[in-house]
> 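This is the structure, below, for whatever I ask next.
Residue numbers start from 1 in every chain, and the chains themselves are labelled A, B, ... in the order their sequence lines are given, proteins ahead of strands.
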Amino acid sequence: MTHKATKVVIITEKLVLRQVTGIIEAAGATGYTIVAAGGKGSRGMRSTSRPSVVDEFGNVKIEVITRSREMADRITEEVAARLFENYSGITYLEEVEVLRSAKF
Amino acid sequence: MTHKATKVVIITEKLVLRQVTGIIEAAGATGYTIVAAGGKGSRGMRSTSRPSVVDEFGNVKIEVITRSREMADRITEEVAARLFENYSGITYLEEVEVLRSAKF
Amino acid sequence: MTHKATKVVIITEKLVLRQVTGIIEAAGATGYTIVAAGGKGSRGMRSTSRPSVVDEFGNVKIEVITRSREMADRITEEVAARLFENYSGITYLEEVEVLRSAKF
(Lines give C-alpha, C1' and ligand atoms only; values in the text may rest on other atoms or scores of the structure.)
Protein backbone atom coordinates (compact mmCIF):
# COMPACT_ATOMS: atom_id res chain seq x y z
CA MET A 1 0.00 0.00 0.00
CA THR A 2 1.79 3.07 -1.21
CA HIS A 3 0.71 6.58 -2.06
CA LYS A 4 2.29 9.15 -4.32
CA ALA A 5 4.29 12.00 -2.88
CA THR A 6 6.66 14.65 -4.19
CA LYS A 7 10.29 14.65 -3.14
CA VAL A 8 12.06 18.01 -3.19
CA VAL A 9 15.81 17.89 -3.77
CA ILE A 10 17.99 20.93 -3.07
CA ILE A 11 21.72 20.94 -3.81
CA THR A 12 23.51 24.05 -2.62
CA GLU A 13 26.41 25.42 -0.59
CA LYS A 14 26.89 24.09 2.93
CA LEU A 15 27.01 27.67 4.18
CA VAL A 16 23.27 28.07 3.70
CA LEU A 17 22.16 24.72 5.12
CA ARG A 18 20.45 26.35 8.15
CA GLN A 19 18.54 28.72 5.89
CA VAL A 20 17.34 25.83 3.72
CA THR A 21 16.18 23.75 6.69
CA GLY A 22 14.48 26.86 8.08
CA ILE A 23 12.50 27.24 4.83
CA ILE A 24 11.60 23.52 4.91
CA GLU A 25 10.32 23.69 8.47
CA ALA A 26 8.45 26.94 7.90
CA ALA A 27 6.61 25.20 5.02
CA GLY A 28 5.37 22.58 7.50
CA ALA A 29 7.52 19.59 6.55
CA THR A 30 8.50 17.45 9.51
CA GLY A 31 11.55 15.68 8.22
CA TYR A 32 14.41 15.95 5.77
CA THR A 33 17.64 14.17 4.92
CA ILE A 34 21.04 15.80 4.45
CA VAL A 35 23.98 14.32 2.53
CA ALA A 36 27.41 15.89 2.04
CA ALA A 37 28.21 16.51 -1.62
CA GLY A 38 30.87 17.90 -3.92
CA GLY A 39 30.55 18.82 -7.55
CA LYS A 40 30.56 21.49 -10.15
CA GLY A 41 27.82 23.99 -10.95
CA SER A 42 26.83 25.85 -14.08
CA ARG A 43 28.28 29.11 -12.74
CA GLY A 44 31.75 27.57 -12.40
CA MET A 45 33.25 25.31 -9.81
CA ARG A 46 31.35 24.93 -6.62
CA SER A 47 33.33 25.46 -3.45
CA THR A 48 36.62 23.89 -4.47
CA SER A 49 38.56 24.18 -7.67
CA ARG A 50 38.79 20.40 -7.95
CA PRO A 51 35.66 18.51 -6.98
CA SER A 52 36.65 15.87 -4.50
CA VAL A 53 34.69 13.40 -2.47
CA VAL A 54 37.45 12.67 -0.05
CA ASP A 55 38.86 15.90 1.27
CA GLU A 56 36.10 18.39 0.83
CA PHE A 57 32.35 18.54 0.73
CA GLY A 58 31.49 22.14 0.08
CA ASN A 59 27.92 21.31 -0.86
CA VAL A 60 24.94 19.64 0.69
CA LYS A 61 22.09 17.70 -0.86
CA ILE A 62 18.88 18.06 1.10
CA GLU A 63 15.82 15.91 0.41
CA VAL A 64 12.29 16.36 1.71
CA ILE A 65 9.30 14.09 1.14
CA THR A 66 6.33 16.46 1.16
CA ARG A 67 2.69 15.85 1.98
CA SER A 68 1.43 17.83 -1.02
CA ARG A 69 2.54 19.26 -4.30
CA GLU A 70 1.77 22.73 -2.95
CA MET A 71 4.25 22.26 -0.10
CA ALA A 72 6.86 21.00 -2.57
CA ASP A 73 6.38 24.01 -4.83
CA ARG A 74 6.52 26.43 -1.91
CA ILE A 75 9.84 25.03 -0.66
CA THR A 76 11.36 25.02 -4.13
CA GLU A 77 10.30 28.57 -4.92
CA GLU A 78 11.37 29.98 -1.55
CA VAL A 79 14.80 28.37 -1.77
CA ALA A 80 15.34 29.65 -5.30
CA ALA A 81 14.06 33.15 -4.54
CA ARG A 82 15.88 33.64 -1.24
CA LEU A 83 19.16 31.83 -1.79
CA PHE A 84 20.04 31.25 -5.42
CA GLU A 85 20.72 34.90 -6.24
CA ASN A 86 23.76 34.79 -3.97
CA TYR A 87 24.64 31.12 -3.66
CA SER A 88 25.00 28.45 -6.30
CA GLY A 89 22.43 25.71 -6.24
CA ILE A 90 19.78 23.73 -8.02
CA THR A 91 16.42 22.42 -6.88
CA TYR A 92 14.19 19.84 -8.52
CA LEU A 93 11.20 17.60 -7.83
CA GLU A 94 10.76 13.84 -8.17
CA GLU A 95 7.61 11.75 -7.90
CA VAL A 96 7.96 8.93 -5.38
CA GLU A 97 5.71 6.34 -3.74
CA VAL A 98 5.70 6.16 0.04
CA LEU A 99 4.36 3.31 2.18
CA ARG A 100 0.88 4.35 3.29
CA SER A 101 1.71 3.87 6.95
CA ALA A 102 4.64 6.24 6.81
CA LYS A 103 4.33 9.37 8.92
CA PHE A 104 6.00 12.41 7.35
CA MET B 1 18.23 0.74 -24.74
CA THR B 2 16.84 1.05 -21.27
CA HIS B 3 14.24 -0.83 -19.27
CA LYS B 4 12.12 0.29 -16.35
CA ALA B 5 13.02 -0.76 -12.83
CA THR B 6 11.99 0.22 -9.33
CA LYS B 7 14.50 1.80 -6.99
CA VAL B 8 13.90 1.27 -3.27
CA VAL B 9 15.23 4.01 -0.98
CA ILE B 10 15.53 3.42 2.77
CA ILE B 11 16.68 6.17 5.14
CA THR B 12 17.14 5.02 8.70
CA GLU B 13 19.51 4.88 11.68
CA LYS B 14 23.05 3.65 11.06
CA LEU B 15 22.61 1.20 13.92
CA VAL B 16 20.34 -1.01 11.83
CA LEU B 17 22.32 -0.93 8.58
CA ARG B 18 23.24 -4.62 8.82
CA GLN B 19 19.62 -5.58 9.36
CA VAL B 20 18.55 -3.57 6.32
CA THR B 21 21.20 -5.09 4.05
CA GLY B 22 20.22 -8.52 5.38
CA ILE B 23 16.60 -7.94 4.34
CA ILE B 24 17.78 -6.71 0.90
CA GLU B 25 19.93 -9.78 0.32
CA ALA B 26 17.27 -12.17 1.60
CA ALA B 27 14.88 -10.68 -1.00
CA GLY B 28 17.31 -11.69 -3.74
CA ALA B 29 18.80 -8.30 -4.68
CA THR B 30 22.45 -8.51 -5.62
CA GLY B 31 23.58 -4.95 -5.08
CA TYR B 32 22.87 -1.81 -3.10
CA THR B 33 24.42 1.58 -2.43
CA ILE B 34 24.96 3.17 0.99
CA VAL B 35 25.40 6.88 1.67
CA ALA B 36 25.95 8.54 5.06
CA ALA B 37 23.19 10.98 5.95
CA GLY B 38 22.04 13.35 8.64
CA GLY B 39 18.67 14.96 9.05
CA LYS B 40 15.53 15.26 11.04
CA GLY B 41 12.60 12.87 11.20
CA SER B 42 8.93 13.26 11.90
CA ARG B 43 9.28 11.74 15.37
CA GLY B 44 11.75 14.42 16.40
CA MET B 45 15.41 14.80 15.67
CA ARG B 46 17.17 11.81 14.25
CA SER B 47 20.28 10.73 16.10
CA THR B 48 21.71 14.13 16.97
CA SER B 49 19.99 17.16 18.39
CA ARG B 50 21.44 19.35 15.63
CA PRO B 51 21.52 17.79 12.19
CA SER B 52 25.01 18.22 10.83
CA VAL B 53 26.74 16.99 7.72
CA VAL B 54 30.21 17.63 8.99
CA ASP B 55 30.59 16.09 12.41
CA GLU B 56 27.99 13.40 12.54
CA PHE B 57 26.13 11.08 10.25
CA GLY B 58 23.75 9.21 12.42
CA ASN B 59 21.69 7.98 9.47
CA VAL B 60 22.22 6.00 6.33
CA LYS B 61 20.49 6.18 2.98
CA ILE B 62 20.40 2.80 1.25
CA GLU B 63 19.33 2.40 -2.37
CA VAL B 64 18.53 -0.80 -4.26
CA ILE B 65 17.63 -1.19 -7.92
CA THR B 66 15.30 -4.17 -8.00
CA ARG B 67 14.50 -6.62 -10.77
CA SER B 68 10.76 -6.52 -10.13
CA ARG B 69 8.10 -4.50 -8.40
CA GLU B 70 7.39 -7.52 -6.19
CA MET B 71 10.95 -7.51 -4.90
CA ALA B 72 10.75 -3.77 -4.27
CA ASP B 73 7.51 -4.13 -2.32
CA ARG B 74 8.86 -7.03 -0.29
CA ILE B 75 11.97 -5.08 0.79
CA THR B 76 9.94 -1.99 1.65
CA GLU B 77 7.38 -3.90 3.68
CA GLU B 78 9.94 -6.01 5.53
CA VAL B 79 12.01 -2.98 6.49
CA ALA B 80 8.96 -1.08 7.73
CA ALA B 81 7.52 -4.07 9.62
CA ARG B 82 10.75 -5.23 11.25
CA LEU B 83 12.58 -1.98 11.95
CA PHE B 84 10.36 1.09 11.96
CA GLU B 85 8.53 0.23 15.17
CA ASN B 86 11.74 0.75 17.08
CA TYR B 87 13.93 2.89 14.85
CA SER B 88 13.13 6.05 12.94
CA GLY B 89 13.14 5.79 9.19
CA ILE B 90 11.33 6.22 5.92
CA THR B 91 11.20 4.10 2.80
CA TYR B 92 9.94 4.99 -0.66
CA LEU B 93 10.03 3.81 -4.26
CA GLU B 94 11.10 5.58 -7.44
CA GLU B 95 10.72 4.51 -11.05
CA VAL B 96 14.01 4.55 -12.93
CA GLU B 97 15.32 3.41 -16.32
CA VAL B 98 18.36 1.17 -16.35
CA LEU B 99 20.61 0.41 -19.34
CA ARG B 100 19.45 -2.92 -20.73
CA SER B 101 22.91 -4.44 -20.47
CA ALA B 102 23.15 -3.72 -16.75
CA LYS B 103 23.33 -6.73 -14.48
CA PHE B 104 21.63 -6.23 -11.14
CA MET C 1 6.90 26.81 -13.20
CA THR C 2 8.86 23.66 -13.76
CA HIS C 3 10.01 21.76 -16.80
CA LYS C 4 10.87 18.11 -17.21
CA ALA C 5 14.48 17.01 -17.35
CA THR C 6 16.35 13.73 -17.17
CA LYS C 7 18.72 13.04 -14.29
CA VAL C 8 21.56 10.63 -14.97
CA VAL C 9 22.85 8.70 -11.96
CA ILE C 10 26.17 6.85 -12.10
CA ILE C 11 27.43 4.74 -9.20
CA THR C 12 30.93 3.41 -9.68
CA GLU C 13 34.41 3.11 -8.20
CA LYS C 14 36.07 6.27 -6.90
CA LEU C 15 39.13 5.43 -8.99
CA VAL C 16 37.34 6.40 -12.21
CA LEU C 17 35.68 9.60 -10.97
CA ARG C 18 37.82 11.84 -13.22
CA GLN C 19 36.94 9.72 -16.25
CA VAL C 20 33.24 9.96 -15.47
CA THR C 21 33.30 13.73 -15.02
CA GLY C 22 35.32 13.99 -18.25
CA ILE C 23 32.56 12.11 -20.12
CA ILE C 24 29.91 14.36 -18.52
CA GLU C 25 31.69 17.55 -19.53
CA ALA C 26 32.46 16.29 -23.03
CA ALA C 27 28.71 15.70 -23.48
CA GLY C 28 28.09 19.38 -22.77
CA ALA C 29 26.65 19.20 -19.25
CA THR C 30 27.67 22.13 -17.08
CA GLY C 31 27.16 20.75 -13.62
CA TYR C 32 27.11 17.57 -11.60
CA THR C 33 26.95 16.43 -7.99
CA ILE C 34 29.23 13.88 -6.33
CA VAL C 35 28.45 11.92 -3.17
CA ALA C 36 30.68 9.37 -1.44
CA ALA C 37 29.11 5.91 -1.31
CA GLY C 38 29.71 2.39 -0.13
CA GLY C 39 27.83 -0.73 -1.04
CA LYS C 40 27.81 -4.03 -2.76
CA GLY C 41 27.58 -4.76 -6.47
CA SER C 42 26.28 -7.63 -8.51
CA ARG C 43 29.78 -8.82 -9.34
CA GLY C 44 30.61 -9.25 -5.68
CA MET C 45 31.56 -6.77 -3.02
CA ARG C 46 32.52 -3.34 -4.18
CA SER C 47 35.79 -2.00 -2.85
CA THR C 48 35.70 -3.38 0.67
CA SER C 49 34.74 -6.80 1.88
CA ARG C 50 32.31 -5.28 4.39
CA PRO C 51 30.38 -2.31 3.14
CA SER C 52 30.76 0.47 5.65
CA VAL C 53 29.63 4.04 5.69
CA VAL C 54 31.99 5.12 8.42
CA ASP C 55 35.48 4.01 7.54
CA GLU C 56 35.47 3.60 3.82
CA PHE C 57 33.78 4.99 0.78
CA GLY C 58 35.19 3.16 -2.16
CA ASN C 59 32.42 4.28 -4.48
CA VAL C 60 31.01 7.51 -5.76
CA LYS C 61 27.51 8.44 -6.84
CA ILE C 62 27.49 11.10 -9.53
CA GLU C 63 24.30 12.87 -10.61
CA VAL C 64 23.78 15.11 -13.64
CA ILE C 65 20.65 17.01 -14.61
CA THR C 66 20.73 17.09 -18.39
CA ARG C 67 19.19 19.52 -20.86
CA SER C 68 17.93 16.77 -23.15
CA ARG C 69 17.23 13.08 -23.26
CA GLU C 70 19.87 12.75 -25.98
CA MET C 71 22.54 14.14 -23.65
CA ALA C 72 21.41 11.79 -20.88
CA ASP C 73 21.59 8.77 -23.19
CA ARG C 74 25.00 9.78 -24.50
CA ILE C 75 26.48 10.07 -20.99
CA THR C 76 24.96 6.76 -19.88
CA GLU C 77 26.15 4.87 -22.93
CA GLU C 78 29.66 6.33 -22.87
CA VAL C 79 30.11 5.53 -19.19
CA ALA C 80 28.90 1.97 -19.65
CA ALA C 81 30.96 1.38 -22.80
CA ARG C 82 34.19 2.92 -21.60
CA LEU C 83 34.25 2.04 -17.91
CA PHE C 84 31.98 -0.85 -16.98
CA GLU C 85 34.02 -3.52 -18.69
CA ASN C 86 36.80 -2.97 -16.17
CA TYR C 87 35.16 -1.31 -13.19
CA SER C 88 32.00 -2.18 -11.34
CA GLY C 89 29.16 0.27 -11.66
CA ILE C 90 25.57 0.95 -12.56
CA THR C 91 23.93 3.84 -14.36
CA TYR C 92 20.26 4.76 -14.56
CA LEU C 93 17.96 7.63 -15.52
CA GLU C 94 15.22 9.38 -13.56
CA GLU C 95 12.65 11.91 -14.73
CA VAL C 96 12.68 15.08 -12.64
CA GLU C 97 11.09 18.53 -12.76
CA VAL C 98 13.38 21.52 -12.55
CA LEU C 99 12.38 25.12 -11.78
CA ARG C 100 12.12 26.87 -15.13
CA SER C 101 14.53 29.60 -14.09
CA ALA C 102 17.28 27.13 -13.25
CA LYS C 103 20.42 27.32 -15.36
CA PHE C 104 22.03 23.95 -15.97
> From C:N59 CG over to B:I34 CD1, what is the distance, rounded to the nearest 0.5 angstrom?
9.5 Å
> Return the set of residues passing salt bridge (Lys or Arg N to Asp or Glu O under 4.0 Å) with B:E78 (not counting sequence neighbours), or none when no residue passes.
B:R82
> Distance from C:K40 atom NZ to B:T33 atom OG1, nearest 0.5 Å?
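These two atoms lie 12.5 Å from each other.
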> If every non-hydrogen atom of C:V35 is compared with every non-hydrogen atom of B:V35, which pair is closest and at what distance?
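Answer, listing the atom of C:V35 first, then B:V35: CG1-CG1, 3.5 Å.
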> Could you walk me through whether C:K7 and B:E94 pass salt bridge (Lys or Arg N to Asp or Glu O under 4.0 Å), step by step?
CA-CA 13 Å; C:K7 180 169 82 167; B:E94 288 183 23; 5.7 Å; no
> What's the separation between atom CD1 in C:I90 and atom CD1 in B:I65, rounded to the nearest 0.5 Å?
5.0 Å
> What is the distance from atom OG1 of C:T76 to atom CD of B:E97, rounded to the nearest 0.5 Å?
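Between atom OG1 of C:T76 and atom CD of B:E97 there are 9.5 Å.
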> Heavy atoms only: give me the nearest C:A80-B:L99 pair and the separation to one decimal.
CB-CD1, 3.4 Å
